[in-house]
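Structure first, then comments.
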Amino acid sequence: MTDTTVDSVFAWEALDSRGKPTVACEVVLADGTRGHTSVPSGASTGTHEASELRDGGHRYGGQGVLTAVRNANTVLAQAVRGVDATDQVAIDQALRAADGTENLSALGANAVLAISIGSAIAAASAQGRSLYRSVDDSGQRPLLPLPMVNVLSGGAHAGRAIDVQDFLVVPMAAGSFAEAIEICARVRAGATQVLDERGLPTALVADEGGLGPVLPSNRAALDIMVEGIERAGLQPGADAAIAIDVAATQFHTAENTYVLSAEQGRTLRSAELVDELVSWTEHYPIVSLEDALAEDDWSGWAEATTRLGHCQLLGDDLFVTNPARLQRGIDGWVANAVLVKPNQIGTLTDARTVVTTAQAAGYRTVLSARSGETEDSWLADLAVGWRTGQIKVGSTMRSERTAKWNRLLRIEAELGDQADFAGAAAIAASGVRA
Ligand SMILES: O=C(O)[C@@H](CO)OP(=O)(O)O
Ligand SMILES: [Mg+2]
C-alpha cells in the first residue's frame, strides 16, 4: 500500500560539474519509495540569494558542504519525518521552520533544497507518476518550454574574456521542442566553424559548455552569433534570435559605474549602459536581455524597462527567485520577466510562488539551471509541470546540460500530440504591461 509520509533522509557529498562538492540526498517514504536528487550551485551569484553552506573548494579545503550534509541527515531529516511528501507546502514549511532564518543560512539552502526536491520526486514515484505530472495542477495539456541555449560565454563563466556572460540562441521558428534543440545545435556548430576559420580556439569551453573565445568587444561576439545563425542556413531574427545575459552585477562598481574590461576598461554610467544596450538591440536580433543592470541598481533598471521594454527583460540577480523582490519589481515597473532558479530561494514552494506571481502579473518566466550543475534532470520536469514557457540550461554540450535537454526530448516524444510546445510565443507574448 502507498504510504507517502517521509520515513528518513540519507544525504551525502557528491561532485558538481565544476568538480566541487555539492549535496546529494535520498528521501525515503514509509512505503519504501525513494526520491534521489542533487543540487546545483552558481558562480555569478546574486547577493540576495538564499545562503548555501559551501566552501567553494574541495572537501579537504573546507567543511561547508559537509556541514550541510550533516544538517540534512540530522535536524532537517527529523523535521520532515512523518510529513506527507505529497504535501509540498507542508514539507517546505517544516524545512523552513527547522532552519528559522529568512535566507536559510542556519542549516544551508543547499541542504533544504535537496530534501524539498527529493520529497517531490519520491512523492511522484510513489504515485506512479512522472514528476512533471505530479507538480502540475493546471488541468491543461503539458507545455514543453522554448529553450534558450548558450553559444558563446564570457564573464564569470569564461575567465572574463568578454564582459557579457551568455550569448544564447533562441529558436524562434521551431514548431516543437525537438526542432528547437536541433536549431540550437546547428547554430552552435555554425559559430564553431566561424571561430575556426578566424583561427580562434574552439576547444576552450566555459562552465556551461559555451565557446569561450577572447574577442575584442561584446559586439564582436554578437557578430559571431549572427554569422553562426547564417552559417547554420538560418535567417537571423526570423529563424533564430539572440538572448544575452549581461550579468551586469559582475562588472558594476561601488561608484555605481559599469566597467567593460574586454573593451579597455570603458566605463559607463547606468544610463550609458542602457544606451549601449539599446544600440545593440537596434543592430542585432536580440529578443531577451537578462540582468541588463546590476542587482541593486533599481533606477537604472527602471530606465532600461522604459527604453528596452519591447524586449524580454529578465531579472536574475535582480529578483533572485525571491517573491518579495519580484513584487517590488512588479510594483515599480521594473523588468518584464523573471529567471527562476530553485536554489536561489531554497524550496520548491517558494520557487513555484515566484512563477505564479510573475505569470499573474504578466511577467514571463524562464526556469534556469546553474553554472555548477549535476546530472539530475528534475529541472526539465519542473519547466513542463509549472508551465514556465521557457528554460535556460546552458549549451547543447556537456552531459549535465544534455541531461535536461534529453529529458525534455523524451517527454515530448512520449506525449506526441498530447502536449503543446510553447514556441516563440512564450518570449514574444506581451505581458499586461509590456
Ligand atoms: O547567471 C546565470 O544566469 C547562471 C546561469 O547562466 O549562472 P550562475 O549559475 O553562475 O549564476
Ligand atoms: Mg544570469
Side-chain angles (χ1 to χ4, degrees), residues 16-20 22 38-52 54 56 109-110 113 147-160 162-170 184 205-212 221 242-252 277 286 288-297 301 304 311-322 325-326 329 335 337-346 351 354 364-374 376 379 383 388 390-398 400-401 404-405:
D16 73 11
S17 58
R18 278 192 276 254
K20 292 189 174 169
T22 192
S38 50
V39 299
S41 184
S44 72
T45 48
T47 312
H48 307 286
E49 291 192 20
S51 168
E52 52 180 16
R54 192 183 174 94
N110 40 356
L113 184 68
M148 51 171 76
V149 169
N150 200 325
V151 174
L152 299 176
S153 296
H157 298 168
R160 299 182 201 284
I162 322 170
D163 302 293
V164 170
Q165 180 180 288
D166 300 336
F167 295 84
L168 309 105
V169 53
V170 183
C184 296
V205 170
D207 284 5
E208 296 192 72
L211 296 156
I242 299 172
I244 54 175
D245 181 359
V246 182
T249 306
Q250 293 286 321
F251 52 89
H252 180 250
L277 297 174
I286 295 174
S288 177
L289 297 98
E290 179 180 332
D291 282 349
L293 282 300
E295 57 191 357
D296 288 315
D297 187 357
W301 258 105
C311 294
Q312 173 166 273
L313 291 175
L314 195 46
D316 170 14
D317 291 352
L318 176 72
F319 294 140
V320 288
T321 317
N322 182 306
R325 287 184 69 91
L326 174 64
V338 58
L339 199 77
V340 179
K341 294 168 166 168
N343 88 321
Q344 283 181 324
I345 190 70
V354 165
R364 283 153 264 169
T365 51
V366 184
L367 197 65
S368 172
R370 300 304 308 243
S371 51
E373 262 299 330
T374 77
D376 275 14
L379 194 81
T388 60
Q390 296 177 62
I391 188 169
K392 166 179 144 172
V393 165
S395 82
T396 43
M397 299 180 64
R398 292 179 54 132
E400 77 279 7
R401 316 285 150 192
K404 284 79 164 166
W405 302 135

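Both counts, for ligands and for their atoms, begin at 1 and track the order of listing. Position 1 is the first residue of the sequence; numbering continues from there.
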Any side-chain heavy-atom pair from L277 and L289 closer than 4.5 angstrom?
yes

Does any N, O or S atom in D291 come within less than 2.8 Å of the Mg ion (ligand 2)?
no

Side-chain heavy atoms of P40 within contact of K341, under 4.5 Å
no

Which of the atoms of ligand 1 are close to D316, meaning less than 4.0 Å from one of its heavy atoms?
1 (O), 2 (C), 3 (O)

Heteroatom N/O/S of D245 within less than 2.8 Å of the Mg ion (ligand 2):
yes

Enter the distance from S38:OG to L113:CG here, rounded to the nearest 0.5 Å.
10.0 Å

Is it the case that ligand 1 has an N or O less than 3.5 angstrom from some N or O of D245?
yes

Would you say D291 and L318 make side-chain contact, with heavy atoms under 4.5 Å?
yes

Any N or O of R18 that comes nearer than 3.5 Å to an N or O of ligand 1?
no

Testing Q390, Q344, E290 one by one against L339 for a side chain to side chain contact (heavy atoms under 4.5 Å, CB included), which residue passes?
E290

Within reach of ligand 1, part of N150 (heavy-atom separation under 4.0 Å):
neither

Are any of the heavy atoms in A247 under 4.0 Å away from ligand 1?
no

Enumerate the atoms of ligand 1 whose separation from the nearest heavy atom of G42 is less than 4.0 angstrom.
8 (P), 9 (O), 10 (O)

Within the structure, does S368 bring an N/O atom to less than 3.5 angstrom of an N/O atom in ligand 1?
no

So for D207 against ligand 1, with non-hydrogen atoms under 4.0 Å, the contacting part is neither

So that I can tick it off, tell me whether R370 and E49 are bridged by a salt bridge, with the cut-off set at under 4.0 angstrom between side-chain N and carboxylate O.
yes

Out of all atoms in ligand 1, which are within 4.0 Å of some heavy atom of K392? Include the element for each.
2 (C), 3 (O), 5 (C), 6 (O)

Only N/O/S atoms count here: what is the atom of E290 closest to the Mg ion (ligand 2) called?
OE2

Below 4.5 Å, heavy atoms only, C-beta onward: do L314 and M148 meet side chain to side chain?
yes

Short N/O distance, under 3.5 Å, between T45 and ligand 1?
no

Residue selection (non-hydrogen contact nearest atom 5 (C) of ligand 1) among Q344, E208, R370:
E208

Heavy-atom nearest option to atom 2 (C) of ligand 1, drawn from Q250, E373, M148, K341
K341

Quick check on L339 - does any of its heavy atoms sit under 4.0 Å from an atom of ligand 1?
yes

N, O or S atom of D316 closer to the Mg ion (ligand 2) than 2.8 Å:
yes

Under the criterion side chain to side chain contact (heavy atoms under 4.5 Å, CB included), which of V246, N150, L152 is the partner of D166?
N150

Give, for atom OG1 of T249 and atom CG of L293, the distance between the pair rounded to the nearest 0.5 Å.
9.0 Å

Is any side-chain heavy atom of I391 less than 4.5 Å from a side-chain heavy atom of L379?
yes

Please determine if E373 and R398 form a salt bridge, counting it only when a charged side-chain N lies under 4.0 Å from a carboxylate O.
no

Mark up the atoms of ligand 1 that fall under 4.0 Å of a heavy atom belonging to D166, in ascending order.
6 (O)

